[in-house]
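Lettering of chains follows the sequences in order, A, B, ..., and the numbering in each one begins at 1. No experiment lies behind these values; they were computed from the predicted model shown.
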There are 2 protein chains.
Amino acid sequence: MTDDAMNLRARHKQATREAISHAALRLAIDQGPSGLALVRVQDIASAAGVSPRTYNNYFSSREEAICSFQADQSRRAGQALAARPADEPLDRAIVAAMLELYTDPEPDRAGLRMIMSTPELEGEALKAFTMAEGPLAEAIAARAGMDPQRDLFPAVTAAAVAGAIRVAGRHWLASGSAGSFAGVVREALACVVPSAPAPRAGSSSPA
Amino acid sequence: MTDDAMNLRARHKQATREAISHAALRLAIDQGPSGLALVRVQDIASAAGVSPRTYNNYFSSREEAICSFQADQSRRAGQALAARPADEPLDRAIVAAMLELYTDPEPDRAGLRMIMSTPELEGEALKAFTMAEGPLAEAIAARAGMDPQRDLFPAVTAAAVAGAIRVAGRHWLASGSAGSFAGVVREALACVVPSAPAPRAGSSSPA
DNA sequence: GCACTTAGTGCGCACCACGCAACATATGGC
DNA sequence: GCCATATGTTGCGTGGTGCGCACTAAGTGC
């Protein structure tokens, strides 16, 4: 079939994208949070083995390139929850999905520290986390039998979960990565999803 | 004493800042979400009656100037909660503080729609909302008698509250601003604030 | 009134996003 | 295997921006 041939280009494209992203993150980490301005587009491009113009075809800002991996991860949050067994209660499903998404490979401390302690990257990192909320909200709504457009619960819970994971990351870094990240995530999520499974009487979700 | 004289300069500085911010938001709204790129720094500066260089002394990006008012609002979240009576329970205090901060003057729909539906502004808006979490977490910790450094609850709750308000704003816009914003905020906060009173049927937007 | 501080400004430079057009390589039909 | 086509890569040029630097003017304390 043409899949293999097609994949040749697609894979090359994906490889280029990852090369640029990886190079950007690597250079940013090398320079440290304070010297992000010293990382020039030219440096990223040459480190990735492409021209500056090609870099710009993939990303329109250094921040976007650096936080690309996090954006990809967030994009999988929705399907991670949807992939949980249907009979699993919402709260357990959320915790399990987030744990396997964010702690299966423990996050790279240097990269996490970089994007969380650099003001210029903070906005992009926030955008990446927020990107997960939409699909996550839909998955929550599907599991709770709610309408994502009418009920606030799914979107609010998704935002709370994303925020909890973000806080967990910050806390994990601040504590010198003493314990496991999974433990911190569990503790953080426990603050926002304990009462989740019970459908609140206040919200209207006529079955 | 010298306060008045000092204030003369400080006030002029503040006035300049607000003039620039207001001009930026006004121009952005005029151009609409799709034409933000057409708003040049020169336009903002001339609309505010200052030189482009002066604009750049206050803000280092159009997005920052446009979302300045929201950042200022977020900066008051902590003291809004701290200002609540000490004997008020945490959940009620949070709801009351957020309501008087975000709904005392109902938010400007055009401005809110602008910053929430423009991708370029989304990051800055997120940063503005996140800016509220720190002080908010400290206020929560103080009220709950916790240590903001050790306990995750204050920071996670602060993030959840900020996220709930953000979702409330989005939902309020999407619903055509049908009900009062205060009602939507109440309903959203009820999803995340521990033991928060469920929205009374009739007092807030029913569904 | 005088010295000091600080906001506002003009100038200039380095950098960046992006449209455009040319080129190389993969793709798919024959 | 060959050619027409689609698509990724690159160089170039341009408009725009962020910001350091030096200067001026206005506010401020003694």
note = Atom CG of B:Leu8 and atom P of D:dG29 are separated, to the nearest Å, by 11 Å
ask   = A:Arg170 and B:Glu133: salt bridge (Lys or Arg N to Asp or Glu O under 4.0 Å), yes or no, with the steps?
value = CA-CA 13 Å; A:Arg170 187 186 307 275; B:Glu133 292 181 14; over 6 Å; no
request  = Check the distance between C:dA26's P and A:Arg11's CZ and give it to me in whole angstrom.
outcome  = 16 Å
message = D:dT9, OP1 or OP2 - any side-chain N/O from A:Thr54 closer than 4.0 Å?
response = no
task = Using whole Å, report how far CD of A:Gln14 lies from C1' of D:dT7.
result = 16 Å
ask   = Starting at CG of B:Asn57 and ending at C1' of C:dC11, how long is that distance when rounded to a whole Å?
value = 14 Å
query = Under 3.5 Å, side chain of B:Thr118 to main-chain N/O of B:Leu121, donor-acceptor pair present?
reply = no
inquiry  = Surrounding CZ of B:Arg17 (heavy atoms of other residues, nucleotides or ligands, distance under 6.0 Å), is the total greater than 12?
reply    = yes
note = Going 5' to 3' through nucleotides 12-19 of chain C and flagging B where a protein heavy-atom sits under 4.0 Å of the base, S where only the sugar-phosphate is that close, and - otherwise, we get ---SSSBB
query = CZ of B:Arg113: more than 12 outside heavy atoms within 6.0 angstrom?
reply = no
request  = Begin with the C-alpha distance, continue with both residues' side-chain angles, and end with the deciding distance and a verdict on side chain to side chain contact (heavy atoms under 4.5 Å, CB included) for B:Val192 and B:Thr157.
outcome  = CA-CA 8 Å; B:Val192 291; B:Thr157 304; over 6 Å; no
query = Do you know the tightest heavy-atom contact between A:Glu100 and A:Ala80?
reply = OE2-O, 4.5 Å
Between N or O atoms, less than 3.5 Å apart, protein on one side and nucleotides 3-7 of chain C on the other: list the pairs.
unit_1	atom_1	unit_2	atom_2	d
C:dT5	O2	B:Arg9	NH1	3.4
C:dT6	O4'	B:Arg9	NH1	3.2

ask   = Should B:Glu124 and B:Ile66 be marked as a side chain to side chain contact (heavy atoms under 4.5 Å, CB included) after you check the CA-CA gap, both sets of side-chain angles, and the distance that decides it?
value = CA-CA 9 Å; B:Glu124 198 65 29; B:Ile66 295 174; over 6 Å; no
Below 3.5 Å, can you tabulate the donor-acceptor pairs from side chains in residues 23-44 of chain A to any protein atom, sequence neighbours excluded?
unit_1	atom_1	unit_2	atom_2	d
A:Arg40	NH1	A:Ala37	O	3.1
A:Asp43	OD2	A:Arg40	N	3.1

